[in-house]
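In what follows, chains carry the letters A, B, and so on, assigned in the order in which the sequence lines appear, proteins first and then strands, with residues in each chain numbered from 1. Model, not experiment: these values are computed from the prediction.
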There are 4 protein chains.
Amino acid sequence: MSGIVLGDNQYGKAETHVVRVTRSGLQDEIKDLTVSVALAGDFAATHLTGDNSNVVPTDTQKNTVFAFARDGIDEIEDFGLRLARHFTGEFDAVERARVAIEEHPWDRIDGHAFVRAGSEKRLTTVTCTKQSAWVVGGLTDLVVLKSAGSEFWGYPRDRYTTLPETKDRILATAVTARWRYSSAEHDWGRSFTEARRLLLETFAKQRSLSLQQTLYAMGEAVLTARPEIVEIRMSMPNKHHFVVDLSPFGLNNENEVFYAADRPYGLIEGALVREHASDAGHAWE
Amino acid sequence: MSGIVLGDNQYGKAETHVVRVTRSGLQDEIKDLTVSVALAGDFAATHLTGDNSNVVPTDTQKNTVFAFARDGIDEIEDFGLRLARHFTGEFDAVERARVAIEEHPWDRIDGHAFVRAGSEKRLTTVTCTKQSAWVVGGLTDLVVLKSAGSEFWGYPRDRYTTLPETKDRILATAVTARWRYSSAEHDWGRSFTEARRLLLETFAKQRSLSLQQTLYAMGEAVLTARPEIVEIRMSMPNKHHFVVDLSPFGLNNENEVFYAADRPYGLIEGALVREHASDAGHAWE
Amino acid sequence: MSGIVLGDNQYGKAETHVVRVTRSGLQDEIKDLTVSVALAGDFAATHLTGDNSNVVPTDTQKNTVFAFARDGIDEIEDFGLRLARHFTGEFDAVERARVAIEEHPWDRIDGHAFVRAGSEKRLTTVTCTKQSAWVVGGLTDLVVLKSAGSEFWGYPRDRYTTLPETKDRILATAVTARWRYSSAEHDWGRSFTEARRLLLETFAKQRSLSLQQTLYAMGEAVLTARPEIVEIRMSMPNKHHFVVDLSPFGLNNENEVFYAADRPYGLIEGALVREHASDAGHAWE
Amino acid sequence: MSGIVLGDNQYGKAETHVVRVTRSGLQDEIKDLTVSVALAGDFAATHLTGDNSNVVPTDTQKNTVFAFARDGIDEIEDFGLRLARHFTGEFDAVERARVAIEEHPWDRIDGHAFVRAGSEKRLTTVTCTKQSAWVVGGLTDLVVLKSAGSEFWGYPRDRYTTLPETKDRILATAVTARWRYSSAEHDWGRSFTEARRLLLETFAKQRSLSLQQTLYAMGEAVLTARPEIVEIRMSMPNKHHFVVDLSPFGLNNENEVFYAADRPYGLIEGALVREHASDAGHAWE
């Protein structure tokens, strides 16, 4: 027992699913969020002796999410900041609060009816200490596909290489992108909309020699156009579409019929950072 | 052993994921389908003795899906008919072929790039015997929500009833609807678009006293407006949104803050049929 | 509107997750169930006018599941019968109640601690009308694999056939089996244990010429040995394990290295019935 | 463009599902693994210009997994080391290779037939640079439940606290544990078996005042008994089981009937480290 120390630890309530309706007569607004809270700080006692005098119950965290939703949610980055600052401000033992939010999109049918707009989700992760705050925005499950303009060749070959080179393949991926803001005060909605637009536009227009090149170009487009974003991290699985060999059936296949595979898949991950960016602090950890 | 007989049986290749790109220079088209084939017929021998002389391999079924995709997919109902008729026409032992297709939607970004349009899927189930064909169209995972205009009251109460009556609740569901066509030749694309529009429109505009009433009204709207559709079956989970009690925190909650629950959920299923409709035959089984 | 009639319909609360602990000092017992209720009967009014005077709320159904659990769960078939008979007995409008239960298995660590025993689940579906009761038992997600003793050859070949014949393949599947009992009173626990044992044992010992033959032999073993079971229905996906071609790397592969594919997969479904079995009634529908 | 730099990046083939059968006449052995490879190193060129001359294709990585499996898999830690060392040794540009493996358990039915032993998986993550190697072992989805011996009280209360204190609750979780070994050569099988046994045993026997205390005790038991393990990190969701209030039905509930909730859930994460442990290097990152 001696010689063993408690290392990094955190705890919180994960995936509180809150829906907030703002009513204004003819037209309602809805916000549909999954909120996860994680607190770090002076929690050695509960680990070592079961003394919970510093442990804000995760049930209380959930209640707080619902209570704060009553005053309106606005942009998820703002909601995350309110919550994270509350936990670090209210409880001495809480040295760091992280609030991660997924926003589920709805399209309007009419004033009081909505239809789910897709599986893509807007993300934020807000991290606050007693002194500082970091805001990361992002999106996930943005599924995109290029039917032309993608190549892959010039790679090293060894004993185990069988992949044929190609100057024309399908490129498909499900983008997860997270970007760090320079500060905790921005026009979050506009930043998100523009970052998303730049990611999509760059994916579409740039000829791709590798998924890495595409990832880099997408991140670069965001950093170039959005000065408030100082870093972007992306994860892009290569959702392989293999050309089906139809020659056994006496048929050619001019890159028209593809088998979409589930597993295994390539997974490309990369970050781009603005030189001289502010320190990332606790933004990502 | 004697006294035991083989009952209903079928087999086939499930979930062949085929993507078909139609190339025409400036603008590609894509079709993204998951195709499942199930064959029934004279298959007693393989069950009883392992004699496979009638068993079209599921691998062959998969190959056939890819080969047929080469000639273009067009509407999924047409593609299903071509495949199902092939299996019953080509193999004596195949008395009934069922082809079930899910179509995954994509929106265009530009001529050669696409973004996934949501989790909703268009469906068809085509069933052919050597003489006949039945076509069922449909959709699934159409997630909708009404923030107003939904009530639930007047239900029987017994010892176990605790639910409060409400004249104002959130109504949310994920619609699965399947509809049977009167024949195997229609303008499938237009029928689908209109049926979907009618389902959405009716969900939105009709005041709801129960999810059953909403389901019926949605089905009725489709049957009334689309003579080519003779029956519709719907499954609609009640995705409960519970009003959070904020009174312990000294806050009121005027139907604004909801907890979206996962399980348990209500599940409402119902069918509407046109009187004097043609016999459903093997359409659903 | 005229000329449209309400067809089959049912509704209920799905997936109420109840855990029942029976305490007896040194050693607790736990039962971990997911219970789904579906009621059919005189529910036209709510569909047509929103009159809910016959609609037992799904919330009440959930409450009833919890309340009935208090008196002990015993075998899931018994618990299903108690619940289904309650709904048909208590409410005039309920003509048919179906209760489907999944039981999640736990192994004991000690008197008060348990570890989840796997993903396999025991099933029952109990259906009651005001006069009769039908009990279906079963299991799902019983994943099994044969590394030898499986062949597949002698199948018809057409233009689209490329599959090589094999006298030695891996056979893997996830068994779902449901069996109908002759009446509503049996030693459910023993029947289940024996049926499961026979399914496993037959899968293991029988040389397989097709997955259909294996399915039939498994069902036949159950019907032969268990007179209380009059019908069995099985669904067995063929979880393909493909021999990896290592020859490009100068290596042979004597049926030792396999790629386990996710999709597409074969799907084999079949039923075996005892001749002169009692009528299935509402057991399956 | 100027002022933007490429940050951390890696890529590889994820989730290659390989099954290896070792044949020895009367009794086969199977190993069932999902293998994910991630390479980091000198990959700036492909990001910036699409020059792939350093990019070992993920397809080659997959081929390598299959080829290496032919020589036998043995313990997954060994297999991971062989693969990771191959990639760093074979390719100049690869500065760090990480191989993460999930092993799916099978129980034997007889010499050539197996049944899936549960959803729990054994894990390893092996990380190699050109000079060093780090091995992390572990497990995931070990679902456990205590029906007695768990309390939670003495926590701080604020405006949003409604949770009642309890001296008797159900404690259930799905353990993910990862532990770092002191070096790259150990009796992996024995270490795994013992670590798992200690985790289970401690969970069962220790009275719990908080899930954090239980987590710490479990980790401490492993570090105390297994000198080859120098650090352990655990993630344990609190799978809430709420006592159902049966009083509206005139029934008491002496901690016997529980509702098992899906979301939200508590999430407890913590690490324990041996003092003076060797540096973790790239083991976790």
Residues 254-265 of chain B vs chain A, non-hydrogen distance cutoff under 4.5 Å, contacting residues -> B:Glu254, B:Asn255, B:Glu256, B:Val257, B:Phe258, B:Tyr259, B:Ala260

Looking at side-chain heavy atoms only, is the closest gap between A:Phe66 and B:Leu246 below 4.5 Å?
yes

If you measure from CG on A:Asp28 to NZ on B:Lys146, what distance do you get to the nearest 0.5 Å?
11.0 Å

With chain A as the partner, which of B:Val65, B:Asn63, B:Asp141 has the greatest number of non-hydrogen pairs under 4.5 Å?
B:Asn63

More than 12 heavy atoms from other groups under 6.0 Å of CZ on B:Arg178
no

Among the listed options A:Val115, A:Leu171, A:Ile170, the residue most often paired with chain B at heavy-atom distances under 4.5 Å
A:Val115

Please flag which part of B:Val244 lies under 4.5 Å from any non-hydrogen atom of chain A: side chain, backbone, both or neither.
side chain

Could you tell me whether B:Arg20 atom CZ has more than 12 heavy atoms of other residues or ligands within 6.0 Å of it?
yes

To the nearest 0.5 angstrom, please state how far the CG atom of B:Leu200 sits from the CZ atom of A:Phe114.
13.0 Å

Under 3.5 Å, is there a donor-acceptor pair between the side chain of B:Arg23 and the main chain of A:Ser147?
yes

Name the region of B:Leu142, side chain, backbone, both or neither, that has any atom closer than 4.5 Å to a heavy atom of chain A.
side chain

Side chain, backbone, both or neither: which part of B:Ile30 has a non-hydrogen atom closer than 4.5 Å to chain A?
side chain

Chain A heavy atoms under 4.5 Å from B:Ile73: which part of the residue, side chain, backbone, both or neither?
neither

So which residue, B:Ala204, B:Gly111, B:Ala172, B:Ala174, ends up with the most heavy-atom pairs under 4.5 Å with chain A?
B:Ala204

Answer yes or no: is there a side-chain heavy-atom contact under 4.5 Å between B:Arg70 and A:Asn252?
yes

Could you look at B:Phe249 and say if it's the side chain, the backbone, both or neither that has a heavy atom under 4.5 Å from chain A?
side chain

Cut-off 4.5 Å, heavy atoms of chain A, and the answer for B:Ala117 is backbone

Chain A contacts, top residue of B:Ser119, B:Ala148, B:Pro105 (heavy-atom pairs, under 4.5 Å):
B:Ala148

